[in-house]
Structures are given as structure tokens and as C-alpha cells.
2 protein chains.
Amino acid sequence: MKIVSAQEFDLRREVEYGSPEQNAAVQQIVQRVKQEGDAALLQYTAQFDRVELTASQLRVTEEELQAAYAQVEPSFITAITLAANNIRQFHQKQKRNSWMDLQPDGSLLGQIIRPLQRVGVYVPGGKAAYPSSVLMNVIPAQVAGVPQIVMVTPPATGGTEGIDPYILVTAAEAGVTEIYRIGGAQAIAALAYGTDSIEPVDKICGPGNIYVALAKREVYGVVDIDSIAGPSEIVVLADHLANPVYVAADLLSQAEHDEMASAILVTSSQEMADAVAAEVERQLESLPRREIATASIRNYGAIIVTRDIAEGIRIVNRLAPEHLEIMVDQPMNVLGMIENAGAIFLGNYSSEPVGDYFAGPNHIIPTNGTARFSSPVDVDDFIKKSSMIYYSKEALLTNGNIIMELARHEGLEGHARAIQVRLEQEGS
Amino acid sequence: MKIVSAQEFDLRREVEYGSPEQNAAVQQIVQRVKQEGDAALLQYTAQFDRVELTASQLRVTEEELQAAYAQVEPSFITAITLAANNIRQFHQKQKRNSWMDLQPDGSLLGQIIRPLQRVGVYVPGGKAAYPSSVLMNVIPAQVAGVPQIVMVTPPATGGTEGIDPYILVTAAEAGVTEIYRIGGAQAIAALAYGTDSIEPVDKICGPGNIYVALAKREVYGVVDIDSIAGPSEIVVLADHLANPVYVAADLLSQAEHDEMASAILVTSSQEMADAVAAEVERQLESLPRREIATASIRNYGAIIVTRDIAEGIRIVNRLAPEHLEIMVDQPMNVLGMIENAGAIFLGNYSSEPVGDYFAGPNHIIPTNGTARFSSPVDVDDFIKKSSMIYYSKEALLTNGNIIMELARHEGLEGHARAIQVRLEQEGS
């Protein structure tokens with residue numbers, strides 16, 4: 001693992017916007033599903049997934065869901081239930097109430113907080129169908145109170161319409177209310193515009209390939225979408241007391257995700273840098289995904305040796321990593337100085353997979369330096385707010401002239417007159 | 001004003017994405033400012049604003065700010081201060097604390113809430129420079145605790161570098177910390193990438209022309225941006241007891257904004273429909289901006305007569321208007337059934353301009369049906385959240401095997417091993 005200076009390093013990588021051909025293909029798919037509904041949806045499913053379905057087969061039935069439970073070992077159901085409970089408990093603490101501010105003049109001002117009505121969650125097919133991602137997308141919506149949570153996931157390619165039973169069980173445990181066996185840009189278009197078989201949603205979230213990502217961008221505005229995640233990142237901030245075996249294992253748990261993933265150690269100790277570099281090599285040898293992890297470490301991994309922890313903190317804040325592990329003697333002493341990081345793992349036992357799967361906070365976290373201005377997925381992503389203004393007659397009579405002055409200053413006489421007609425009729 | 005059926009009507013209008021030429025021009029401006037910094041910024045300012053500046057003249061000085069106060073009448077300063085106080089008071093109630101959930105096994109899970117570090121607010125020049133928009137963009141950021149709030153606004157075209165003194169005074173009262181006399185796509189690029197004279201920001205907000213809107217979309221991802229507002233909208237829901245003079249005045253206060261603005265009355269009373277239609281004609285006659293308002297009413301205005309208020313509520317929820325006024329006998333009885341509306345004004349005295357200028361809630365509100373899934377600007381738009389996980393040794397020993405099972409199910413052995421190395425070293 002290479003040892004570099006802080007100046008040489010930046011976590012940011014180019015964001016993929018798709019080729020002109022991919023964009024054109026996605027636009028055509030979205031337009032056709034918008035205009036032709038189920039017919040286009042079924043035709044694209046036959047074309048891309050090589051599964052021939054009728055409209056009545058799109059939705060997964062209760063019987064299929066029950067059959068999935070029978071196919072899955074009980075220990076998986078126990079594990080996923082425990083994880084779901086932790087995630088639900090953490091997200092429940094994010095819930096907020098509508099509120100009112102009662103003014104002495106009788107006016108009531110407030111903010112009304114409501115769940116979105118209907119949310120769509122995309123789940124990729126094949127090896128990219130991660131139960132943990134289902135939990136992390138669905139549970140915040142369910143805790144927010146979204147009454148209709150729709151999952152879409154492509155049927156298994158090549159003639160069967162089956163969906164991974166682990167995904168079905170996880171969806172049911174998480175609180176999904178409808179499941180459709182569709183995927184790709186056509187599924188995103190169906191969620192955004194609706195078809196005879198599928199009601200449109202208010203928001204679409206969940207990961208997908210480049211076609212799914214481009215389709216989400218295409219329908220943004222018609223519906224809300226989540227942000228498009230970049231490759232995953234970890235930064236470990238360690239002093240001389242950290243355990244190099246743990247540090248190396250945590251760096252590799254990130255590096256194994258993707259050749260574009262980035263794993264970085266920032267340490268105040270040259271000995272730690274050398275020990276972790278050696279441990280990474282040693283642990284890589286037996287890692288099943290060592291080709292991916294090796295490429296990630298070689299291209300986007302680094303060890304940065306700093307004068308002290310304070311310099312390390314400045315580097316962390318500049319990188320604004322998705323995941324930050326703080327493995328120093330007193331991690332709570334560092335926490336207050338971390339300005340930019342999506343999720344912060346403190347101490348020797350808070351290994352990143354603890355958060356990926358189980359502890360409770362969401363594992364969908366801003367990448368590519370965007371933790372400077374954005375946040376992990378939470379209940380706020382599935383609510384909408386309305387302002388409420390109940391102005392009293394007294395408040396209007398008291399403040400009407402000021403409001404008219406401000407409106408007239410902006411040249412908006414119609415605004416001023418909406419106040420004036422009331423002052424004329426109601427004033428003494 | 002035309003009377004139509006509910007089915008005929010939809011508030012949604014096409015969103016403007018700019019011509020290919022406009023997009024290409026904006027991309028070029030953004031790239032040049034990114035690469036050449038101040039030199040490009042000054043050159044574009046000379047070209048588009050026809051003002052020759054040096055880099056040291058970009059920033060508005062304390063002396064200029066003091067001079068602006070001397071040019072503005074005291075009654076304006078009083079009015080803007082009162083409005084700012086109300087807006088600040090309302091937004092202060094939105095503030096949230098970082099929190100922790102303390103688990104019996106010693107683990108600490110939490111959400112850390114912090115302000116963004118540096119925010120840029122765009123303020124258009126000329127007649128579109130609205131002091132109220134300055135308040136509504138700046139105060140939520142200031143209440144959130146953003147330490148650096150940068151305003152940019154173009155210099156007056158054609159040789160003077162002056163900025164409207166009312167805007168300068170409002171900016172100072174709202175809490176702006178730096179002001180630069182730059183505008184257009186070049187100002188957005190400077191805020192996103194920084195130049196020698198201007199440090200880059202984390203988020204850019206505020207309205208602007210099509211070039212500003214396209215530039216914001218171009219730099220999105222490098223920085224956060226606010227959503228791009230469509231033309232303004234009002235829906236008034238009224239029964240037979242509403243005052244048609246007030247209803248008509250409020251419809252016109254929206255219609256005068258823009259020929260694309262939309263003003264709609266939904267009423268359960270045919271008499272009310274007729275009376276409001278007549279009042280709109282009467283009030284239009286003397287309205288200074290009657291040409292704009294007439295075009296808006298003709299093209300995007302309507303009166304929808306419903307069987308009853310319940311049907312009216314269903315129409316409102318489908319339209320999801322930016323502004324909703326409820327002028328029925330007991331407006332609080334209706335409030336709970338409003339699912340989709342950006343800002344809700346209740347009763348005879350809550351005329352929309354009360355909220356545009358003064359009451360306290362934000363006047364930047366989702367348009368074009370997006371109130372189904374988005375919200376008025378508030379303090380949440382200027383904060384970022386980080387998850388915090390401090391897992392105890394006991395928690396890891398108890399749950400480690402479950403976490404490993406979930407990781408291995410997803411084929412991520414490296415994730416499992418990050419847990420396993422700890423269980424091996426720490427377990428009994």
C-alpha cells in the first residue's frame with residue numbers, strides 16, 4: 001500500500017453520466033413506458049430480462065412470498081429480523097412532530113410534517129441484490145409512515161420469473177407493501193408515470209446500474225429521487241495505539257466492494273503506517289475478492305503519515321469521507337473536531353461492517369466528498385413539510401401597512417392591494 | 001376568468017431546460033472560470049454586465065455598506081427589520097440538536113447535526129432584486145449556524161459598479177458576511193470552484209435567470225444547490241361564505257408575478273364562482289401590472305366549481321399547489337385533509353402576501369406539483385448530518401456472529417473478516 005503526502009490525495013473521482021447512446025436509449029425507454037404503459041413494460045422485460053410475462057404476472061403474490069419464507073434458512077430470518085429491529089429503533093428517534101407557534105395576537109404559525117404517500121424502492125437483480133440495502137431503503141420510509149412502499153426488482157434472466165427468496169423475505173420483514181418483478185430503466189419509468197398495473201409513486205430510491213441511474217435522473221421532477229451514490233470510501237484515522245490487524249481488515253472490507261472503492265489510512269505514526277501496509281498484504285492473500293481489493297488498494301488506496309492527529313483531522317475534513325473510523329486512544333476527544341464525514345465509527349470495536357449491517361444507522365451515506373453538504377439517508381428523506389399560516393384579524397390590522405410597504409417597494413401593487421382591501425373593509 | 005371542470009385542469013407546466021446553445025454557453029463559462037479564476041470572472045463581468053472591475057473591486061466594502069444605509073429611508077429599515085425578526089423567530093423553532101441513543105451494552109449511536117460551513121446566495125440584479133428573497137434565503141442559513149454566508153449580485157449594467165442600496169441593507173440585516181458584485185453563470189462558477197478572490201462554498205441558493213439556473217445544475221455535485229423554482233401558483237379553496245373581494249385580490253396578487261403564474265379558485269358555490277370572476281375583472285382594471293396578470297389569468301387561471309368542499313379537497317391534493325388559501329367557514333376542519341400543499345393559509349386574514357413578506361414561514365416553496373414530495377426552504381436545507389457509531393466490546397462479542405452471517409450471505413468475506421479478527425483477539 002503506497003504511503004503518500006496529504007497534498008497528493010483526494011477522494012473525489014469522476015461521476016459517471018453515461019454515454020450519449022446510453023442516455024438516448026434510456027430516454028426512449030422512459031418515453032415509451034410513459035406513453036404505452038404495460039405494453040412497453042412487458043416488451044422491455046422480454047427484451048432485456050428475457051422473461052415473457054403478462055400484466056397480471058407483474059406483481060409478486062402473497063403465495064410466492066410465503067413460498068420464499070420456506071426456502072430461506074431460519075438463521076437468516078433471525079439475523080435479518082434483529083438487524084431490522086435495530087435499524088427501526090434508530091430511525092424511530094428521527095421522527096418529528098408537526099408543530100405550531102401560538103402568537104399572543106391570536107395568530108398560529110406552524111410546520112406540518114407528513115410522510116410521502118407512496119415510495120418506490122429499486123433492488124438490483126443477481127449478485128447485486130443485497131438484503132441489507134433493502135432494509136436501509138425501506139425501513140426509513142416505513143418509520144416515516146409512508147403507507148405504500150413498492151419494491152421493484154428484475155426477474156431472474158432467461159426464462160424464470162423468480163426473485164431471490166432472501167430478498168423477498170427481507171422486503172416483507174422491512175415493510176414493503178407491493179412487489180413487482182420489473183427492472184432497468186423501464187421499471188423506473190413505470191414507477192414515475194404509472195401504468196395500468198402499477199400506480200405512480202412520489203419518490204424513487206435504491207441503487208442500480210447505469211441505465212437505472214440515468215432513468216432516475218430522467219424522471220427527476222416528476223417524482224423525487226435519492227442521490228446517486230459513487231464508489232464507496234473509508235478513511236481510518238489512527239494513532240500509534242491502534243491495532244494494525246483491525247485497521248487493515250477494515251480497509252480491506254471497503255476495498256473488496258469495487259475496484260473504484262477507496263481505502264485510506266491517515267496516521268500520526270510511521271510504525272503504524274508500516275504495520276498496516278504489511279497487514280494489508282498479508283490479509284489480501286487469502287481474501288476471496290482479492291483481485292477487486294488489490295485493484296482498489298493500488299489505484300485508490302493510500303497511507304498518509306501526519307505530524308500529529310490534529311493534522312490528520314484537517315485531512316479528514318478536507319476529504320469528507322463516506323465512512324470514517326477513528327481508532328485513537330480517546331476517540332471522543334476527536335469527535336467534536338470532525339466537520340465532514342458521512343458516518344463516524346469510534347474506537348476499536350466499531351468496525352465499519354457493524355454499521356453496514358446491524359447497529360442501526362443507515363448505510364446509505366454521501367460519497368465523493370459530498371458529506372460536506374449532504375447526509376446519510378434517514379426519515380427526513382421520506383417526509384414533506386407544509387407551512388401553516390393562520391393570521392388573526394388583529395395581526396393583519398397591526399402589520400398590514402408594513403406588509404404593503406414591502407410589497408410596493410418590490411413593485412408588486414397587487415400584493416399590496418390584497419392587504420389593502422382587507423384593511424379597508426375590516427379596519428376601524 | 002374561465003370556469004372549468006376539475007378534470008380539465010393541471011397546474012404542471014413544462015420545466016425550462018434551456019436551449020442547446022444556452023447550455024453550451026454556460027458550460028464554457030463555468031469551465032473557464034474553473035480554470036482561469038478571477039481573470040475569466042472579470043472578463044465575463046466586462047462582457048455581460050459592461051462593468052470593468054479589478055479583482056480588488058469585486059468585494060463590496062464596509063464603507064459601501066454604510067453608505068447604503070444612508071441612502072435608504074428609515075421606514076424601509078424598520079419594515080425589513082420587523083420582517084427579519086419574524087422570519088428568524090419562525091426558523092429558530094426548526095433547529096435540532098445532535099442526539100445520542102445510549103444502549104445498555106455500552107454502545108452509543110447517534111446523529112450529529114452541524115451547519116454547512118459556507119453558503120452562497122445569488123441575488124438577481126435590476127427589477128428582480130427582491131429584498132424579501134434575500135431574507136428568505138439568508139435567514140434560514142444564518143439560523144442554522146452557517147458561519148460564512150456569501151451574497152453575489154451583478155453590478156448595475158453599463159459602467160457603474162453600484163448595487164441597489166435596499167439589497168445591501170437587507171443583506172446586512174439578514175446576516176450576510178461577504179458580498180461580491182458578480183452575476184450570471186460566472187458568479188455561480190466562482191462560488192462552486194473558488195477563485196483567488198472568492199473562496200468556494202458548500203451550497204448555492206437563490207433565484208436567477210436561465211443562465212444562472214443552468215450554471216447551478218452544471219455545478220451540482222461539486223456543491224449542493226437549491227431546487228429550481230417554476231412559475232408561482234395559488235389555489236384558493238372557498239365556500240359560499242368567503243369574501244369574493246378578498247379571493248379576487250389574492251388570486252391577482254399571484255397572477256401579477258409572471259405571465260406563467262397560475263391562480264385557481266376551487267369553490268363549492270356557483271355564486272362565489274360568478275362573484276369572484278366579476279371581481280377579478282373589476283380589480284384588474286386598475287392594477288398596474290394588469291397586462292401580466294391578464295395573461296396569467298387567461299392562460300393559467302381557472303375557477304373550478306365542485307359538488308362540495310370534500311371534492312374540492314381532492315382537487316387541491318391532486319394539484320399540490322405552492323400556495324393554498326382555505327377560505328371556508330371553519331378552515332381548521334379542512335386542514336387535516338390537506339395532503340399536498342407547500343404553504344397553507346387559513347381564514348380570511350391570511351392573505352398570501354402576509355406570508356410572502358412578513359409572518360415568518362419561508363416564501364420559497366415547491367412549485368409545479370412538487371409539494372407532493374418536497375418542502376419549503378427551512379433550516380434543514382443548511383445543515384448536514386453525520387451518523388455516529390460507538391460500539392462496545394460487549395456489543396461486538398454479542399452480535400459479531402450475526403453480522404458475519406449477513407456479510408457472508410452477500411458474498412462479502414472481507415466484511416466478515418473485519419469482525420472475525422476482533423472476535424478472535426477479544427473473545428474469550
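Just so it is clear, the structure is predicted and the values come from calculations on it, not from any experiment. Reminder, nothing fancy here: chain letters follow the sequence lines and each chain counts from 1.
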Looking at every non-hydrogen atom in both residues, tell me the closest pair between [X] and [Y] and how far apart they are.
X        : Y        : value
A:Ser350 : B:Ile389 : OG-O, 3.4 Å
B:Pro131 : A:His409 : CG-CD2, 3.7 Å
B:Ala371 : A:Lys384 : O-CD, 3.6 Å
A:Ser253 : B:Gly414 : CB-O, 3.6 Å
B:Ala418 : A:Ala249 : CA-CB, 3.8 Å
A:Leu335 : B:Arg114 : O-NH2, 4.1 Å

Are [X] and [Y] side-chain neighbours, meaning at least one heavy-atom pair lies under 4.5 Å?
X        : Y        : answer
B:Ser351 : A:Ile419 : yes
A:Leu346 : B:Tyr391 : no
B:Leu406 : A:Phe76  : yes
A:Phe373 : B:Phe382 : no
A:Tyr390 : B:Ile344 : no
B:Glu426 : A:Tyr349 : yes
B:Arg417 : A:Ser286 : yes
A:Leu108 : B:Met332 : yes

Straight-line distance of [X] [atom1] to [Y] [atom2], nearest 0.5 Å:
X        : Y        : atom1 : atom2 : answer
A:Ile383 : B:Ser375 : CD1   : OG    : 5.5 Å
A:Ile364 : B:Ser387 : CD1   : OG    : 11.0 Å
A:Asn86  : B:Asn399 : CG    : CG    : 7.0 Å

Given the options [options], which has more heavy-atom pairs under 4.5 Å with chain B than any of the others?
options                                : answer
A:Gln111, A:Glu413, A:Lys393, A:Met388 : A:Lys393
A:Ile338, A:Leu252, A:Asn362, A:Ile326 : A:Ile338
A:Glu352, A:Glu325, A:Gln89, A:Arg96   : A:Arg96
A:Leu82, A:Asn348, A:Ile365, A:Thr370  : A:Asn348
A:Tyr130, A:Phe345, A:Tyr166           : A:Tyr130
A:Glu405, A:Gln117, A:Glu256, A:Gln94  : A:Glu256

What part of [X] gets closer than 4.5 Å to chain B, counting heavy atoms only: side chain, backbone, both or neither?
X        : answer
A:Met404 : neither
A:Gln420 : neither
A:Asn401 : neither
A:Ser374 : backbone
A:Leu109 : both
A:Val223 : both
A:Ala83  : side chain
A:Ser107 : neither
A:Arg290 : neither
A:Glu410 : both
A:Val201 : backbone

Go through the atoms of [X] and report whether side chain, backbone, both or neither lie under 4.5 Å from a heavy atom of chain A.
X        : answer
B:Thr78  : neither
B:Ile112 : side chain
B:Lys93  : both

Taking the six-membered ring of B:Tyr246, is NZ or CZ of A:Arg422 closer than 6.0 Å to its centre and within 45° of its axis? yes
Winner by heavy-atom pair count (cut-off under 4.5 Å) against chain A, out of [options]:
options                                : value
B:Ile113, B:Asp380, B:Leu324, B:Asn243 : B:Asp380
B:Ile80, B:Leu412, B:Ile402, B:Asp101  : B:Leu412
B:Gly347, B:Ala341, B:Ala248, B:Ala129 : B:Ala341

Is any NZ, NE, NH1 or NH2 atom of the basic residue among B:Asp224 and A:Arg372 found under 4.0 Å from an Asp or Glu carboxylate oxygen of the other? no
For the residue pair A:Trp99 and B:Phe90, does the interplanar ring angle fall in the parallel (under 30°), tilted (30 to 60°) or perpendicular (over 60°) class? tilted
